[in-house]
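Read the structure below first, then the notes.
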Amino acid sequence: MGAGRASYAAGHWREPARPSQSRPRPPQDGGAVQSGPGCPAMLALMAARQAGLDDPARLRRAERTRRVLSLELNKDRDVERIHGSGINTLDIEPVEGRYMLSGGSDGVIVLYDLENLSRKPSYTCKALFSVGRSHPDVHKFSVETVQWYPHDTGMFTSSSFDKTLKIWDTNTLQPADVFHFEGTVYSHHMSPVATKHCLIAVGTKSPKVQLCDLKSGSSSHILQGHRQEVLAVSWSPRHEYILATGSADGRVKLWDVRRASGCLSTLDQHNGEKSKASSEAANTAHNGRVNGLCYTNDGLYLLTIGTDDRMRLWNSSTGENTLVNYGKVCNESRKGLKFAISCGCNPEFAFVPYGSTIAVYTVFTGELITMLRGHYSTVNCCVFQPHFQELYSGSKDCNILAWIPAPREAVPDDISEKSLPQQHLNPAYEDAWSSSDDEG
């Protein structure tokens, strides 16, 4: 798979070689920026860029935004159905954005190739292999989290209700190591940017956050502060030692794992101004279980979701609740909820499982843009593919659905830009196309 290969054995870790540049993928439907008489707005952006009037990145942001706003179920794209029970977790490796892992409630793990190897317009993303029920090292109970090693496709991790975290060698499909815990494992996460540590944060039925060290094979480092089970953990993509955790006690804590005391802050939904008449506990992020965490790509903001049917956006540096109102965000999950945030768009979007649909919100204004409908049962997870602005979702209906940007519709040469139906443009899309003068 990846050019570099991670070597791992308990107590003996060798960093993988630097992966080679990903080989180019041919554009999928809607994958290329189409120019010509049919795309006057795109031509205007290209002309402004060529003349040096616009930031070179603006064209890229605008096209990414257009693609996200046009996400739809594509009749020409399918994902092979392997799981015989609900799908709890998905992860796409960040090196090439080509291989996807899925974990199911029956303990099965599947690896898919998202590349269109047939080069045909209509194709199915095939499963390369699976850790099925007959595999000697299969998880005994539900797999709650799968994650690729962030720098290489030679290794991936999985955690389960069977109280284990497993480190897998992708090439041999054998576990290189297994960490055992006293309680159910709800979530785990490896830092996407760490260069000075190889710690995996693990949230379990215990209120203690556990840190597993891939170099030493030890899991003795713990973070104490929560009062109930830890349902979600996420490392900052900006600072390699900063970790966010969400618990059933309604609290979200930020930790610096280098500090003896550990906890940097406990996020307060009231920003320290709780009303005397309020019966809500002090220093809580939600009035229910916190079962979802996701940083924005730049690490400057943290999005949290709780069983109080609320989603909140926090300044990760100050710990301040930004008070963005997303309205009611239905969340009845008793365990972790895996949602995703876009990358490189303007504005950025959050993709949140919402019953049998996926709600798409603007991160910084809270606007509900659309509801993606296609699953027949509760959606448990979704993952965003930033290279091609694609979204994949997993559900209790045993299906993984691919949401693909709609291809551009060509406009006849004799139709001017002024005659285009502007009323059909999404407001968020219009903002993304504003001039640099307006932005300033």
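Heads up: numbering here begins at 1 and tracks the sequence. The figures here come from the full heavy-atom set of this structure, side chains too, leaving out hydrogens, waters and symmetry mates.
- His387 and Val95 make their closest contact through CE1-O, 4.3 Å (heavy atoms, listed as atom of the first residue, atom of the second, distance).
- Taking Ser118 as the reference, Asn116, Lys120, Tyr123 meet the side-chain contact (heavy atoms from CB on, under 4.5 Å) condition, with sequence neighbours excluded.
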side-chain contact (heavy atoms from CB on, under 4.5 Å) evaluation trace for Tyr326 with Thr365: CA-CA 8 Å; Tyr326 300 94; Thr365 63; over 6 Å; no
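- The heavy-atom pair separating Thr153 from Thr170 by the smallest distance is O-OG1, 2.9 Å.
- For the pair Ile200 and Leu211, the minimum side-chain heavy-atom distance is 4.5 Å or more.
- Pro353 has its side chain within reach of Leu337: a pair of non-hydrogen atoms, C-beta onward, lies under 4.5 Å apart.
- Shortest non-hydrogen contact noted between Val138 and Gly107 is CG2-O, 3.5 Å.
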Candidate pair Thr157 and Met190, rule side-chain contact (heavy atoms from CB on, under 4.5 Å), full reasoning: CA-CA 9 Å; Thr157 58; Met190 284 183 286; 3.7 Å; yes
Stepwise side-chain contact (heavy atoms from CB on, under 4.5 Å) test for Tyr99 and Leu114: CA-CA 6 Å; Tyr99 301 105; Leu114 304 180; over 6 Å; no
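- No option in Leu372, Val352, Leu368, Leu69 other than Leu372 meets the side chain to side chain contact (heavy atoms under 4.5 Å, CB included) test with Val360.
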Test log, rule side-chain contact (heavy atoms from CB on, under 4.5 Å), inputs Tyr241 and Lys196: CA-CA 9 Å; Tyr241 292 105; Lys196 298 177 182 177; 3.3 Å; yes
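- Around atom NZ of Lys396, no more than 12 heavy atoms belonging to other residues, nucleotides or ligands sit under 6.0 Å away.
- Between the side chains of His188 and Ser159, at least one donor N or O sits under 3.5 Å from an acceptor N or O.
- Put simply, the residue from His189, Lys253, His226 that forms a side-chain hydrogen bond (donor to acceptor under 3.5 Å, both in side chains) with Thr245 is His226.
- Under the 3.5 Å distance criterion, the side-chain polar atoms of Ser356 are left unmatched by any main-chain donor or acceptor of Ser377.
- Checked by atom type, the side-chain pair Glu144/Ser142 shows a donor-acceptor distance below 3.5 Å.
- Asn287 and Gln269 form a side-chain donor-acceptor contact under 3.5 Å, judged by distance and modelled atom types alone.
- Taking 4.5 Å as the limit, some side-chain heavy atom of Leu267 sits within range of a side-chain heavy atom of Leu254.
- In terms of heavy atoms, Leu173 sits closest to His135 at O-NE2, 3.1 Å.
- For the 3.5 Å distance criterion, the side chains of His286 and Thr304 qualify, holding a donor opposite an acceptor.
- Checking Ser187, Ser160, Ser158, Cys381 one by one against Thr145, the side chain to side chain contact (heavy atoms under 4.5 Å, CB included) holds for a single residue, Ser187.
- The shortest distance between side-chain heavy atoms of Leu303 and Ile341 falls below 4.5 Å.
- Taking every heavy atom of both residues into account, Gly217 and Phe179 meet most closely at O-CE2, 3.4 Å.
- Between the side chains of Asn331 and Ser333, no donor N or O sits under 3.5 Å from an acceptor N or O.
- Taking 4.5 Å as the limit, every side-chain heavy atom of Lys338 sits out of range of all side-chain heavy atoms of Leu90.
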Glu348/Ser342 under side-chain hydrogen bond (donor to acceptor under 3.5 Å, both in side chains): CA gap, chis, key distance, verdict: CA-CA 6 Å; Glu348 297 291 9; Ser342 66; 2.5 Å; yes
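- Distance check: Asp256 CG to Leu243 CG gives 10.0 Å after rounding to the nearest 0.5 Å.
- Here the closest non-hydrogen pair linking Val131 and Trp168 is CG1-CH2, 3.8 Å.
- Partner of Phe351 under the ring pair (Phe, Tyr, Trp, His ring centres under 6.0 Å) criterion, out of Phe339, Trp403, Phe384: Phe384 alone.
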Verdict with supporting geometry, His83 and Ser102, side-chain hydrogen bond (donor to acceptor under 3.5 Å, both in side chains): CA-CA 9 Å; His83 288 278; Ser102 64; 2.7 Å; yes
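- With 3.5 Å as the limit, one finds a donor-acceptor pair spanning the side chains of Ser85 and Ser105.
- Using a 4.0 Å cut-off between a side-chain N of Lys or Arg and a carboxylate O of Asp or Glu, Lys163 and Glu182 do not qualify as a salt bridge.
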Stepwise side-chain hydrogen bond (donor to acceptor under 3.5 Å, both in side chains) check, Trp314 with Thr322: CA-CA 6 Å; Trp314 310 82; Thr322 63; over 6 Å; no
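- Looking at Leu391 and Val383, their side chains never come closer than 4.5 Å, going by heavy atoms from C-beta outward.
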